[in-house]
Protein chains: 2
Amino acid sequence: MANTEDLARAVGTGDRRALARAITLVESTRAADRQAAELLLTHLLALAGSALRIGISGAPGVGKSTFIEALGAAITDAGLTLAVLAVDPSSTRSGGSILGDKTRMEQLARNPRAFVRPSPSGAMLGGVARRTREAILLVEAAGFDIVLVETVGVGQSDTAVSEMVDMFVLLVAPGGGDDLQGIKRGVMELADAVIVTKADGDLKPAAARAASDFQAALHVMRPKYPGITAGVTQVSALTGENIAACWQDLQRFLHQLQAGGHREALRRGQGLRWFRSEIQALLGEAIASDPAIARELAQLEEGVARGDALPYTTARRLISRFLSLDGREAPP
Amino acid sequence: MANTEDLARAVGTGDRRALARAITLVESTRAADRQAAELLLTHLLALAGSALRIGISGAPGVGKSTFIEALGAAITDAGLTLAVLAVDPSSTRSGGSILGDKTRMEQLARNPRAFVRPSPSGAMLGGVARRTREAILLVEAAGFDIVLVETVGVGQSDTAVSEMVDMFVLLVAPGGGDDLQGIKRGVMELADAVIVTKADGDLKPAAARAASDFQAALHVMRPKYPGITAGVTQVSALTGENIAACWQDLQRFLHQLQAGGHREALRRGQGLRWFRSEIQALLGEAIASDPAIARELAQLEEGVARGDALPYTTARRLISRFLSLDGREAPP
């Protein structure tokens with residue numbers, strides 16, 4: 001455990017290799033590593049929390065990594081340090097990790113003010129989300145000013161990312177007519193800002209149309225925070241147009257959030273919801289690790305799905321059995 | 001219990017007074033009533049499930065009850081029977097129940113083919129949602145063809161209603177400019193159809209603008225079911241314009257849903273999610289009913305919200321204590 005304390009100290013001084021090792025530790029699923037990871041996080045918790053946390057989502061092909069390279073350059077040119085993390089439940093180390101490809105974000109990866117970390121492997125979103133949340137604490141303890149959390153928006157990963165950041169940014173590409181219907185339902189409600197990429201050359205008119213459609217979509221929805229909006233911006237990572245202005249917009253939004261006390265309230269709520277979801281996940285794991293109850297649960301689920309069993313009544317019987325079974329197995 | 005069997009038989013024959021008594025039973029929070037309610041539902045489950053279930057949401061002032069009166073008349077004129085239930089977590093029997101006011105839906109309340117039931121009292125959404133879901137099963141067992149579930153969309157009630165119906169309809173009123181920003185975030189994603197009310201007289205141009213804005217908003221989102229959309233309709237309950245056409249649209253959507261196998265998949269998913277949420281709610285109740293654990297939970301939540309405690313680690317310790325405490329208290 002002395003080792004863990006040394007590692008915590010090194011992370012706290014901003015040592016990159018220590019930070020990379022620390023993130024590997026929180027990503028590990030080995031029980032001994034998990035114990036060390038929790039000790040490490042406990043040591044570093046007081047140093048965390050001060051970065052601006054920005055989530056960036058967008059479907060494959062919208063030009064997300066090109067945009068993050070350009071935005072990242074604007075951020076580090078302003079003298080700030082930047083960490084880029086990724087949530088991609090579909091990735092594996094061997095397969096299509098969104099940041100795993102070494103050719104992506106080449107400039108940021110070489111930038112001394114930036115730290116780029118691929119998505120942890122493992123297909124379960126719950127695990128990936130937990131490890132990314134812990135990785136955010138680690139990069140903050142290492143002193144980074146800005147954390148970008150990238151996601152491809154597979155399944156519920158948009159919601160998971162929106163629950164760990166101060167601001168959620170949706171990237172969309174210009175698309176003609178019906179192509180626009182590509183935004184997954186539920187994502188618009190999360191978006192604090194929409195950024196239309198590739199607003200250059202032939203695509204400029206299509207980008208303007210997309211911006212106007214998304215403006216209309218935001219228009220019918222109540223703003224998340226009264227008086228604070230970031231709206232819709234058109235950018236070109238190719239020509240660099242609007243990238244600096246876009247970073248100014250994001251900063252203004254984040255500073256208004258902080259000044260209005262919204263950020264503190266947001267983070268309190270996120271912390272509580274994370275805690276409650278971990279409680280639910282752990283109770284779910286306890287049920288799954290009891291073979292008799294887990295087997296029964298699977299059968300009951302089939303009956304409920306068919307409409308042959310009443311959800312409330314069935315759940316009540318299962319849970320009273322689970323809690324008393326647990327009692328019978330405990331030592332007297 | 002013979003009483004409960006008699007009640008089940010009477011509900012199954014479509015007896016209105018029996019149905020009203022049965023709903024009162026599932027709404028009761030008394031333990032003995034709850035036991036009888038579960039027995040009643042078990043008897044009637046096989047008769048339930050055949051109605052078309054439609055959720056109708058809209059902020060106060062959009063003209064929801066006027067629209068439901070008009071739509072209800074179109075439905076019963078077509079020879080179908082209709083039950084109207086309400087989910088309103090803000091209501092109490094004494095206060096502002098959305099259907100409690102006797103002057104509302106006067107025509108439907110007198111219509112022999114319709115059955116109108118106010119929202120159950122009690123402020124907790126979880127309880128209201130459970131009782132409404134069970135009330136849906138009861139009106140189906142009583143033979144109603146169509147169930148409308150009305151909500152004012154307070155808090156999470158839109159999501160709760162969308163989880164108990166086949167189709168979710170959002171009512172909006174014509175509003176100029178900024179007034180449009182009144183739709184709660186997250187509601188658009190639930191909407192299978194948007195209906196603009198009050199499209200008559202002076203409001204006609206504003207209704208057309210609202211319809212076009214909502215069309216644009218739907219346009220940027222992926223449809224829930226490929227090839228099946230109900231889109232945006234403008235109606236006037238005052239002149240009756242488009243009410244019959246609107247009912248045709250809703251029916252076409254529901255029939256396409258059924259023909260494509262989507263409805264069966266939807267209901268399976270809803271049943272499973274209902275079951276899982278009841279399991280979570282019951283585990284939460286078990287924690288809350290253990291005074292030592294509940295006290296500790298409240299303290300831990302404060303630390304987590306402040307950012308002084310790690311959510312995962314804190315949850316893990318609490319749950320292992322909860323499950324073994326349960327063990328220690330059980331008989332040897």
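In this text, all values refer to a predicted model and were calculated from it rather than measured experimentally. A note on names: the letters A, B, ... follow the listed sequences, proteins ahead of strands, and every chain is numbered from 1.
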Exercise. Quick one: what part of B/Ala265 sits under 4.5 Å from any heavy atom of chain A, side chain, backbone, both or neither?
Worked result: neither
Exercise. In this structure, which one of A/Glu38, A/Glu278, A/Glu285 forms a side chain to side chain donor-acceptor pair (under 3.5 Å) with B/Arg316?
Worked result: A/Glu38
Problem set entry | Toward chain A, the part of B/Ala281 with a non-hydrogen atom under 4.5 Å | neither
Seminar exercise, completed: Separation between CH2 (A/Trp274) and OH (B/Tyr312), nearest 0.5 Å, reads 11.0 Å
Exercise. About how many Å separate CD1 of A/Ile287 and CG of B/Leu283, when rounded to the nearest 0.5 Å?
Worked result: 5.0 Å
Exercise. Between A/Val304 and B/Gly271, what is the shortest heavy-atom contact and its length?
Worked result: CG1-O, 3.1 Å
Seminar exercise, completed: If one checks every heavy atom of B/Glu134 against chain A at 4.5 Å, the contacting part turns out to be side chain
For this session: Calculate, to the nearest 0.5 Å, the distance between atoms CG and CZ belonging to A/Leu297 and B/Phe275 respectively.
Result: 5.5 Å
Exercise. Do you know the tightest heavy-atom contact between B/Ala217 and A/Val220?
Worked result: CB-CG2, 3.7 Å
Problem set entry | B/Ser212 portion near chain A, given a 4.5 angstrom heavy-atom threshold | neither
Problem set entry | Max heavy-atom pair count under 4.5 Å with chain B, selected residue of A/Thr314, A/Leu137, A/Leu318 | A/Thr314
Exercise. Nearest heavy-atom pair of B/Ala305 and A/Leu272: which atoms, and what distance?
Worked result: CB-CG, 4.0 Å
For this session: Mind listing the closest non-hydrogen atom pair of B/Ala309 and A/Leu45 along with its distance?
Result: N-CD2, 3.7 Å
Exercise. Charged N to carboxylate O under 4.0 angstrom, B/Glu302 versus A/Arg268?
Worked result: yes
For this session: Tell me, out of B/Met188, B/Arg273, B/Arg276, B/Arg133, who's got the most heavy-atom pairs with chain A below 4.5 Å.
Result: B/Arg276
Exercise. Is chain A contacted by the side chain of B/Leu190, its backbone, both, or neither, given a heavy-atom distance below 4.5 Å?
Worked result: backbone
Exercise. What distance separates B/Leu310 CG from A/Thr42 OG1, expressed to the nearest 0.5 Å?
Worked result: 5.0 Å
Seminar exercise, completed: Rounding to 0.5 Å, atoms CD (A/Gln280) and CD1 (B/Ile319) come to a distance of 9.5 Å
Seminar exercise, completed: Note: vs chain B, highest number of non-hydrogen pairs under 4.5 angstrom among A/Lys224, A/Gln270, A/Glu264, A/Arg267 is A/Lys224
Problem set entry | Rounded distance (nearest 0.5 Å) linking atom CG of B/Asp290 with atom CG of A/Leu323 | 10.5 Å
